[in-house]
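Right, one structure below, let's go through it.
Atoms within each ligand, like the ligands themselves, are counted from 1 in listed order. In what follows, residues are counted from 1 in the order of the sequence shown.
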Amino acid sequence: MIDGRNKLNDLTGKEWLKLTKSFWLSEKCVDDKDAFKHPAPFLIKDIMKLISFFTKKGMTVLDPFCGSGTTLIAANNLNRIGIGIDLNSKYKQLARSRLNKEHFIENKNYYYKVGDANKVIGTLNNVDYVITSPPYHNILKNKGGGLRSESKKGFRTGSRIGVEYYSDSSNDLGNKKSYSDFLYSFQEIMSKCFNILKQGKYASIIISDFTVNKKEVCVQKDVVECMLVCGFSFVGTTVLLQDNKPLYPFGYPYAYKINHMHQNIINFRKPNK
Ligand SMILES: C[S@@+](CC[C@H](N)C(=O)[O-])C[C@H]1O[C@@H](n2cnc3c(N)ncnc32)[C@H](O)[C@@H]1O
């Protein structure tokens with residue numbers, strides 16, 4: 001039974017409690033493979049869990065870096081309205097084919113706007129939840145060499161179709177010259193998300209740590225700092241375990257070098273005034 005005081009979601013107490021665990025196992029489903037032409041798609045079920053926690057039926061979910069449209073599928077599966085933005089029109093085509101397959105109707109069940117999120121967000125208002133994952137700076141352009149490029153599979157992970165970067169646009173966060181330029185642009189976009197998010201509502205950023213100029217960076221810390229500057233409060237990180245990724249002996253046998261086998265789902269709230 002849903003508690004009458006619960007204005008956040010449509011979950012029972014038991015369902016609510018389960019989703020407050022600080023780690024989740026990432027969960028695949030058959031429809032995920034339709035997204036693999038995109039270099040870094042979410043998995044549908046992971047995003048459905050988030051949307052089911054942070055919204056009620058009929059509410060609006062925004063993904064300003066929407067790529068293959070996974071957030072829109074997850075939102076529609078749960079009878080929420082999805083709004084997606086992406087710079088790359090090729091990804092809108094991919095998203096549309098995925099959404100058509102499920103019989104979700106554009107401009108009724110979901111909206112997908114092609115353009116720079118920094119400009120498009122200003123045309124929106126009154127969003128109930130923001131869930132997104134930005135480009136991981138320029139890591140898709142780091143061909144890396146060594147074991148990864150010589151691996152028999154030749155893929156970035158065991159399941160993807162190949163390595164590709166998002167676009168050549170200078171507005172693409174994946175093409176920002178320095179890591180600090182990347183953070184600045186990310187913060188600008190999140191500040192606009194803050195403005196259109198209703199008070200008391202939530203935003204989740206999915207990102208892992210990565211290397212910048214071959215040095216490991218605590219990206220989570222930087223994302224939290226950017227979001228605090230925008231006005232958000234930090235409310236906790238859920239570790240999304242991806243225990244099926246291949247392991248690379250990057251530092252072996254000389255030095256410790258981490259294998260990232262999880263994403264951080266970093267959760268924030270826009271305070272009530
Ligand atoms: C990590 S991917 C998101 C993938 C998505 N979650 C999915 O399930 O397919 C980041 C996306 O951000 C887009 N992007 C980069 N800079 C952008 C900008 N300034 N405005 C809008 N989209 C942008 C890229 O084209 C890319 O598709």
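Residue contact check: Asn171 has heavy atoms under 4.0 Å from atoms 16 (N), 18 (C), 19 (N) of ligand 1. Atoms of ligand 1 found under 4.0 Å from any heavy atom of Ser68, numbered from 1 in the order shown, are 7 (C), 8 (O), 9 (O). Each of the following atoms of ligand 1 lies closer than 4.0 Å to a heavy atom of Pro41: 7 (C), 8 (O), 9 (O). For ligand 1, the atoms lying closer than 4.0 Å to a non-hydrogen atom of Pro64 are 21 (C), 22 (N). For ligand 1 and Cys66, the ligand atoms under 4.0 Å from any heavy atom of the residue are 5 (C), 7 (C), 9 (O). Distances below 4.0 Å separate heavy atoms of Asp116 from the following atoms of ligand 1: 18 (C), 19 (N), 20 (N). Residue Gly115 has at least one heavy-atom neighbour below 4.0 Å for each of these atoms of ligand 1: 20 (N), 21 (C). Numbered from 1 in the order shown, with element, the atoms of ligand 1 that lie under 4.0 Å from a heavy atom of Phe42 read 6 (N), 7 (C), 8 (O).
If you check the side chains of Asp46 and Ser26, you find a donor sitting under 3.5 Å from an acceptor. The closest side-chain donor-acceptor pair between Asn88 and Ser167, if any, does not fall under 3.5 angstrom. For Asn118 and Lys192, the side-chain atoms include at least one donor-acceptor pair closer than 3.5 Å. In the model, Glu188 has no side-chain atom that pairs as donor or acceptor with a side-chain atom of Ser191 under 3.5 Å. No side-chain N or O of Arg269 forms a donor-acceptor pair with one of Ser233 less than 3.5 Å apart.
Using bins of under 30°, 30° to 60° and over 60° for the plane-to-plane angle, the ring pair Tyr166/His38 lands in the tilted bin. Using the six-membered ring where Trp is involved, His137 and Phe182 have ring planes that are tilted, between 30° and 60° apart.
Note that Lys21 lies in the cation-pi zone of Phe23, set by a 6.0 Å cut-off to the ring centre and a 45° limit from the axis.
For atom 8 (O) of ligand 1, the closest heavy atom belonging to the protein is Thr70 OG1, 2.7 Å. For atom 16 (N) of ligand 1, the closest non-hydrogen atom on the protein side is Leu173 N, 3.1 Å. Scanning the protein for heavy atoms near atom 10 (C) of ligand 1, the closest one is Ser133 O, 3.5 Å. The protein non-hydrogen atom at the shortest distance from atom 18 (C) of ligand 1 is Leu87 CG, 3.6 Å. Looking at atom 20 (N) of ligand 1, its nearest protein heavy atom turns out to be Ala117 N, 2.9 Å.
For the pair Asp86 and Lys92, the salt-bridge criterion is not met [side-chain N within less than 4.0 Å of a carboxylate O]. A salt bridge does not link Arg98 to Asp34: none of the charged side-chain nitrogens sits closer than 4.0 Å to a carboxylate oxygen.
With a 4.0 Å heavy-atom cut-off, ligand 1 is reached by no atom of Ser185. If you look at Tyr91 next to ligand 1, the close heavy atoms, those under 4.0 Å, all belong to the side chain.
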Open item on the list: I'd like to know whether Tyr202 forms a ring-ring contact (aromatic ring centres under 6.0 Å, His included) with Phe268, so could you lay out the CA-CA distance, the side-chain angles of the two residues, the decisive distance to 0.1 Å, and finally the verdict.
Closed with: CA-CA 6 Å; Tyr202 293 83; Phe268 301 90; over 10 Å; no

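Ligand 1 is approached by Pro134 to a heavy-atom distance shorter than 4.0 Å. Not a single heavy atom of Ser167 sits closer than 4.0 Å to an atom of ligand 1. Contact between Asp86 and ligand 1 is present, with at least one heavy atom of the residue lying under 4.0 Å from the ligand.
Of the candidates Ile73, Asp172, Leu140, it is Asp172 that places a heavy atom closest to atom 15 (C) of ligand 1. With distances taken over non-hydrogen atoms, the option nearest atom 1 (C) of ligand 1 out of Tyr166, Phe65, Tyr136 is Tyr166.
At a threshold of 4.5 Å between side-chain heavy atoms, the hydrophobic network of Ile, Leu, Val, Met, Phe, Trp and Tyr places Phe53 and Leu25 in two separate groups.
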